[in-house]
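Below: one structure, written as structure tokens.
Computed from a predicted model, the values in this text were never measured in an experiment. Proteins come first, then strands; the chains are lettered A, B, ... in the order of their sequence lines, and each starts at number 1.
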2 protein chains.
Amino acid sequence: MKIPELQGHVDGMLLAVLSDGPLHGYGMAEELRRRSGGEFDLAEGTIYPALHRLESAGLLTSRWEVVGGRRRRVYALSNSGKAAAVDRRTTWLAFRCAVDAVFGGEALEAG
Amino acid sequence: MKIPELQGHVDGMLLAVLSDGPLHGYGMAEELRRRSGGEFDLAEGTIYPALHRLESAGLLTSRWEVVGGRRRRVYALSNSGKAAAVDRRTTWLAFRCAVDAVFGGEALEAG
DNA sequence: TCTTCATACCTAGACAGTCTATACATAAGT
DNA sequence: ACTTATGTATAGACTGTCTAGGTATGAAGA
């Protein structure tokens with residue numbers, strides 16, 4: 001999939017991944033790739049700025065970790081991040097519903 | 001709904017609307033608003049450039065029409081536009097499926 | 001008559017977020 | 001030594017939506 005249509009959905013998906021527990025950026029990229037069946041293979045230039053944005057917005061907190069001699073920045077949801085994660089899922093559902101309605105009814109169960 | 005997440009989906013939705021027959025830009029905006037239950041209220045600065053893009057790409061053809069003293073530009077799908085409309089729907093389905101998978105399984109039937 | 005609203009199109013520039021390309025660094029395998 | 005995988009980061013390009021402004025007609029109401 002070519003990915004400009006990701007616009008506006010990346011943040012929500014990152015929050016969704018972090019809802020299952022703290023993780024570092026590289027790990028989130030892997031998890032996104034895994035969950036989406038390879039569909040979403042985020043560029044580094046996408047994921048790191050997104051995480052910084054989210055942290056600036058107070059939705060994430062981070063701490064440095066060293067594992068096997070390599071350092072990682074591990075992110076976790078703040079309280080407002082948890083709320084945002086729920087909110088983003090709701091937004092996605094509404095968006096999905098609206099787009100489905102535009103594309104028309106019948107053939108959509110095939111998704 | 002705030003609409004940056006529309007990015008990349010507008011073209012497909014316009015093609016979807018035109019799959020039901022020729023229509024002019026203003027009418028498409030109305031139809032999009034109607035089908036989406038008011039969710040998608042496209043700015044004119046969004047819809048007209050999008051239509052021009054689509055026509056430049058050879059997916060649409062247009063002709064001027066005068067109705068009640070007002071002129072309209074009526075768009076219709078070209079042959080490649082029809083193919084693109086099908087393709088875009090398929091792309092949307094794949095995208096939807098992938099995002100759903102990222103957001104996690106259970107609660108998604110609620111959409 | 002004048003104003004306002006709905007219809008109808010258009011565009012320049014702002015803006016936001018993704019992508020490309022590059023850089024740095026460690027560990028493990030060949 | 002070299003490559004691959006892990007891991008983070010940023011500048012600048014790019015794309016597409018949004019803001020805000022413009023043009024124009026017709027109908028309704030003050």
Between B/E30 (CD) and C/dA8 (P), how many Å, whole number? 7 Å

If each of A/R70 and A/D11 is mapped to the nucleotide of DNA chain C with the nearest heavy atom, which maps nearer the 5' terminus, i.e. the 5' end? A/D11

A/Y48 side chain: which of D/dG16, D/dT8, C/dT20 is closest? D/dT8

Report the C-alpha distance between A/V86 and A/R89 in whole Å, list the side-chain angles of each, state the deciding distance to 0.1 Å, and finish with yes or no for side-chain contact (heavy atoms from CB on, under 4.5 Å). CA-CA 5 Å; A/V86 172; A/R89 177 197 281 256; 5.9 Å; no

Phosphate contact (D/dT6 OP1 or OP2) by A/R73 side-chain N/O below 4.0 Å: no

Does A/H52 put a side-chain nitrogen or oxygen below 4.0 Å from OP1 or OP2 of D/dT10? yes

For the residue pair B/F103 and A/W92, categorise the inter-ring angle as parallel (less than 30°), tilted (30 to 60°) or perpendicular (more than 60°). parallel

B/I47 atom CD1 is separated from D/dG16 atom P, nearest whole Å, by 16 Å

Round to a whole Å and report the spacing from CZ of B/R71 to P of C/dA6. 21 Å

Euclidean distance, atom CG of residue A/L6 to atom P of C/dT20 [Å, nearest integer]: 12 Å

Using whole Å, report how far CG of B/L42 lies from P of D/dG16. 15 Å

Taking CZ from B/R53 and P from C/dC9, how many angstroms apart are they, rounded to a whole number? 17 Å

Just checking A/G45: base, sugar-phosphate only, or nothing, at a heavy-atom cut-off of under 4.0 Å? base

Could B/E30 and B/R34 be called an ion pair, given the rule that one side-chain N must be under 4.0 Å from one carboxylate O? no

Would you mind reading off the distance between B/F40 atom CZ and D/dT17 atom C1', rounded to a whole angstrom? 13 Å

Going through the distances and angles, do A/M28 and A/L51 end up as a side-chain contact (heavy atoms from CB on, under 4.5 Å)? CA-CA 10 Å; A/M28 283 182 243; A/L51 291 171; 3.8 Å; yes

Looking at A/Y26, I'd like to know whether one of its side-chain N or O atoms comes within less than 4.0 Å of OP1 or OP2 on D/dT6. yes

Can you find a side chain N or O atom of A/R72 that sits less than 4.0 Å from OP1 or OP2 on C/dA25? no

Would you say a side-chain N or O of B/H24 is under 4.0 Å from OP1 or OP2 of C/dT7? no

To the nearest Å, give me how far apart CD (A/Q7) and P (D/dC18) are. 11 Å

Side chain of A/A43 only, please: which of D/dC18, C/dC19, D/dT6 is the nearest? C/dC19

Parallel under 30°, tilted from 30 to 60°, perpendicular over 60°: which one fits the rings of A/H52 and A/Y48? tilted

DNA chain C nearest-nucleotide lookup for A/A50 and B/E44: closer to the 5′ end is B/E44

